[in-house]
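The structure displayed is predicted, hence computed values, not measured ones. So you know, we letter chains A, B, ... as the sequences are listed, proteins then strands, and number each from 1.
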Protein chains: 4
Amino acid sequence: MKNIGVIGYSGNTESTPIREIAELCLKLGQELGKRYTVFTGGRNGVMELVSKGVKSVGGFCVGILPWEGEDANEFNDLVVKTGLDFQMRSFVLVKSVDAVVSIGGEIGTALEILASYANGKPVILLRGTGGWTDRIATVLIDGKYLDNRKLSEVYQAWSVDEVIDILDSILR
Amino acid sequence: MKNIGVIGYSGNTESTPIREIAELCLKLGQELGKRYTVFTGGRNGVMELVSKGVKSVGGFCVGILPWEGEDANEFNDLVVKTGLDFQMRSFVLVKSVDAVVSIGGEIGTALEILASYANGKPVILLRGTGGWTDRIATVLIDGKYLDNRKLSEVYQAWSVDEVIDILDSILR
Amino acid sequence: MKNIGVIGYSGNTESTPIREIAELCLKLGQELGKRYTVFTGGRNGVMELVSKGVKSVGGFCVGILPWEGEDANEFNDLVVKTGLDFQMRSFVLVKSVDAVVSIGGEIGTALEILASYANGKPVILLRGTGGWTDRIATVLIDGKYLDNRKLSEVYQAWSVDEVIDILDSILR
Amino acid sequence: MKNIGVIGYSGNTESTPIREIAELCLKLGQELGKRYTVFTGGRNGVMELVSKGVKSVGGFCVGILPWEGEDANEFNDLVVKTGLDFQMRSFVLVKSVDAVVSIGGEIGTALEILASYANGKPVILLRGTGGWTDRIATVLIDGKYLDNRKLSEVYQAWSVDEVIDILDSILR
């Protein structure tokens with residue numbers, strides 16, 4: 001089974017801007033959970049909502065945690081405690097997956113988008129979710145690269161269904 | 001389900017000193033696989049044999065790999081590619097488990113025994129398997145510690161059954 | 001003495017796009033070398049040219065290398081071999097400095113710009129040098145932030161003199 | 001100039017067992033500082049005393065710190081903040097030096113002795129200083145190796161003068 005990483009806003013799931021995309025995260029988790037093993041950073045925010053969706057359909061969630069992992073959400077089937085800081089641990093996450101889906105996100109998500117590309121992993125931006133997921137779309141080279149080395153492609157989806165279609169085509 | 005790490009000799013499973021302990025590794029994998037999620041370094045040698053045992057009873061194996069993980073054995077259910085070197089990746093392994101079982105082993109295993117203790121994880125030495133598993137037993141403080149801070153305990157087992165009994169008692 | 005990190009294009013210093021900014025890199029190295037300890041990634045490209053400039057005025061260069069460091073340039077006074085991959089080692093670099101100057105750059109530089117900001121370090125973009133140094137300037141929030149958390153400020157300079165003026169003011 | 005790492009007890013320099021070896025640490029720092037760049041973990045205990053000795057003769061000290069480095073001692077000329085935990089940062093230290101001198105020490109020192117050997121770096125045990133420096137001497141293979149791969153040699157010195165003599169001979 002292929003591994004898909006999901007990255008995005010951390011933070012309280014009841015607060016803006018996460019609560020506005022809560023349903024979308026749950027649905028993404030459900031659709032991914034039926035098809036793939038889902039990797040997240042294992043904590044709160046988008047990570048927690050997507051993992052909740054994955055579990056609601058009987059899928060399998062892996063949380064790649066920084067430090068010792070005390071703040072893992074309850075939906076992880078397996079937790080890896082890296083002992084690394086928030087950003088360095090993101091490299092373990094992106095190296096371990098076949099593709100990455102990005103939702104909203106602040107600087108940590110931006111680093112993960114770039115880290116995915118740098119490690120040759122396709123990134124799918126779930127557009128309309130704000131933050132760096134939408135911002136990075138404005139600086140793509142030739143509409144799909146993050147530098148001139150063309151290490152991987154960045155895709156843009158405007159719905160969960162479109163995310164699944166893109167994953168189907170690139171991971172075939 | 002609790003996570004158990006298994007550490008030990010890397011190398012060709014057909015060569016000394018690994019082939020002499022192959023049956024033992026398979027049996028350990030079988031008994032652990034019935035009860036726990038088993039983490040290894042994901043590569044050859046003891047890691048491969050134990051994972052093969054785990055899979056033969058329908059258990060679940062996680063391989064925590066160095067670098068990008070091209071040399072993962074075929075028995076891993078899930079592979080985490082840390083991007084770290086052989087030794088630094090061992091810290092991700094020991095931090096992610098509840099206890100560690102050690103079999104034989106050269107310097108990498110020695111580092112993992114010490115890393116387990118330093119991270120507060122109980123270590124069970126499967127005695128009679130040679131290498132650092134037997135060597136470290138000769139320098140224990142009060143028969144069970146690796147320094148004066150008493151961060152965790154080091155146990156000694158002389159059979160797979162004894163390993164399981166010790167795990168049962170300390171992880172209850 | 002304060003520590004300044006310089007990031008930018010890696011690659012052959014005789015080839016485009018590095019040879020076009022070679023003089024600028026040398027001058028930046030000279031001006032930084034008179035005032036600060038200069039940290040780079042220790043390898044070729046912008047790192048090498050800036051370090052050459054630093055040494056030409058008797059300054060002090062530290063190279064923070066990935067892996068074991070076989071490819072260090074000849075201008076490092078001190079080399080730190082992190083054993084980490086290219087990108088993870090960049091975090092050791094940005095954490096160790098008081099501010100970062102960015103020149104051109106592909107994905108590795110983009111990651112370093114974001115890592116600097118994420119670690120609360122001011123970043124000065126030497127504009128007109130191409131690559132991610134110019135590209136990131138187009139997505140700044142309020143003209144100076146890389147996300148809504150305002151962890152540090154991103155400054156823009158159009159000359160080496162302006163870089164020095166900004167450093168003088170923010171590190172006073 | 002060659003780089004020498006010094007490892008050993010952390011902790012309060014006024015308390016047992018560090019105060020009993022304080023003069024020895026200062027003298028070691030003085031003799032190393034005249035000849036080599038000295039790397040330590042940058043914190044308290046043996047690291048602080050050796051660095052104080054280095055500075056008293058005008059030498060150069062590098063501190064390789066875990067996390068963000070808030071607890072660096074005052075004798076470091078240069079501080080590298082790795083963002084890594086205590087033990088993972090030790091690998092950056094040993095990879096960056098040409099040889100390592102060990103004094104006393106608990107589990108962190110034991111890990112550094114083994115990490116040095118695993119990375120092919122000679123280790124000199126300053127015998128009579130207790131802890132793992134003396135303990136590891138009891139399990140050497142052929143009196144000088146830490147496993148059968150013979151990755152580097154472990155030397156034993158009973159005085160600072162003997163440490164310097166050994167370094168002179170192996171780093172010639």
How about the chain D/chain B donor-acceptor pairs under 3.5 Å, what are they, with distances?
| unit_1 | atom_1 | unit_2 | atom_2 | d |
| --- | --- | --- | --- | --- |
| D/Asp85 | OD2 | B/Lys95 | NZ | 2.4 |
| D/Lys95 | NZ | B/Asp85 | OD2 | 2.4 |
| D/Glu106 | OE1 | B/Asn148 | N | 2.9 |
| D/Glu106 | OE2 | B/Asn148 | ND2 | 2.9 |
| D/Ile107 | N | B/Asp147 | OD2 | 2.9 |
| D/Trp132 | NE1 | B/Leu146 | O | 2.6 |
| D/Leu146 | O | B/Trp132 | NE1 | 2.7 |
| D/Asp147 | OD2 | B/Ile107 | N | 2.9 |
| D/Asn148 | N | B/Glu106 | OE1 | 2.9 |
| D/Asn148 | ND2 | B/Glu106 | OE2 | 2.9 |

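Looking at residues two or more places apart in sequence or on another chain, you find a ring pair (Phe, Tyr, Trp, His ring centres under 6.0 Å) between B/Phe60 and A/Phe60.
To the nearest 0.5 Å, atom CD1 of residue D/Ile107 and atom CG of residue B/Leu114 are 3.5 Å apart.
Aromatic rings of B/Phe91 and D/Phe86 (six-membered ring for Trp) have centroids beyond the 6.0 Å cut-off, not under it.
Across D/Leu111, D/Leu146, D/Ile141, D/Val139, the residue that shares the most heavy-atom pairs under 4.5 angstrom with chain B is D/Leu111.
With a 4.5 Å cut-off on non-hydrogen atoms, B/Ile113 does not touch chain D at all.
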